[in-house]
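Here the structure is laid out as structure tokens; the discussion comes afterwards.
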Amino acid sequence: MQEKRRGDLNAPLKCIECVEKAQALEREAAAQKRAQAAASGEGSGGEAHVCSACKEEKPALAFNKTQLNKGEGKQRCQECVAKAETEAANAGKAKLEEEIASAREALKKA
């Protein structure tokens, strides 16, 4: 049963402690790499992009990956995407309440 879960049957088995230790070392190395990138100015998000909603120029870190893939002129920053989603949810609630009110009025008339 153990062989079914292993991707590479030739790789040696490792205990949980060894795996956790390797993961901790990998996380520490990644943290150090991020700290060095931030200190050298590389961590600013790379190139700047213009949000199509608020028209502000922001670093790439302010955008989701899917928004960056849309291309220039169609990208929205994370703040604008969240704001649009909230407004859409509120609009849906308002429409539902309006439909319920009109249904109640129609019921009263009947």
Side-chain angles (χ1 to χ4, degrees):
M1 184 155 134
Q2 190 72 8
E3 282 82 27
K4 289 181 183 179
R5 295 183 185 176
R6 293 177 61 194
D8 184 8
L9 296 176
N10 295 327
L13 291 174
K14 295 181 181 178
C15 67
I16 293 174
E17 292 175 7
C18 296
V19 171
E20 289 174 352
K21 184 177 179 182
Q23 289 174 344
L25 289 173
E26 189 174 339
R27 283 192 297 270
E28 289 175 12
Q32 289 176 353
K33 187 176 179 180
R34 281 192 304 270
Q36 289 175 351
S40 66
E42 295 173 8
S44 64
E47 58 194 55
H49 298 273
V50 178
C51 174
S52 63
C54 64
K55 307 294 185 215
E56 292 181 21
E57 188 172 312
K58 298 183 177 187
L61 290 175
F63 295 85
N64 290 332
K65 185 177 181 181
T66 55
Q67 292 294 323
L68 288 174
N69 289 338
K70 288 186 177 185
E72 294 293 324
K74 298 179 184 177
Q75 302 167 340
R76 293 184 296 167
C77 63
Q78 292 177 4
E79 294 173 13
C80 292
V81 169
K83 185 177 175 182
E85 288 176 351
T86 303
E87 289 174 358
N90 291 339
K93 288 178 185 177
K95 183 178 178 182
L96 180 64
E97 289 173 4
E98 183 180 312
E99 289 175 358
I100 291 172
S102 65
R104 286 184 180 154
E105 289 295 322
L107 189 63
K108 286 180 183 178
K109 289 179 182 179

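Bear in mind the structure is a predicted one, so any value in this text is a computation, not a measurement. The first residue of the sequence shown is numbered 1, and numbering continues consecutively from there.
Inter-residue side-chain proximity for Arg76 and Ser52 is flagged as met; some heavy-atom pair is nearer than 4.5 Å.
Taken from SG in Cys80 to NZ in Lys55, the straight-line distance is 9.5 Å, to the nearest 0.5 Å. With rounding to the nearest 0.5 Å, the separation of CD in Glu20 from NZ in Lys14 is 13.0 Å.
For Ala22, the side-chain contact (heavy atoms from CB on, under 4.5 Å) test picks out no residue, with sequence neighbours left out. Scanning for salt bridge (Lys or Arg N to Asp or Glu O under 4.0 Å) contacts around Glu79 gives Lys58, with sequence neighbours left out. Applying the side-chain hydrogen bond (donor to acceptor under 3.5 Å, both in side chains) rule to Glu56 yields no partners; only residues at least two apart in sequence or on another chain are considered.
With side-chain heavy atoms closer than 4.5 Å counting as contact, directly or through intermediates, the hydrophobic cluster containing Leu68 also holds Phe63.
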Pairs of donor and acceptor atoms involving the side chains of residues 94-101, under 3.5 Å and at least two apart or interchain, shall be tabulated with distances.
none

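Among residues at least two apart or in separate chains, side chain to side chain donor-acceptor pair (under 3.5 Å) pairs with a member in residues 59-69 are Asn64-Gln78.
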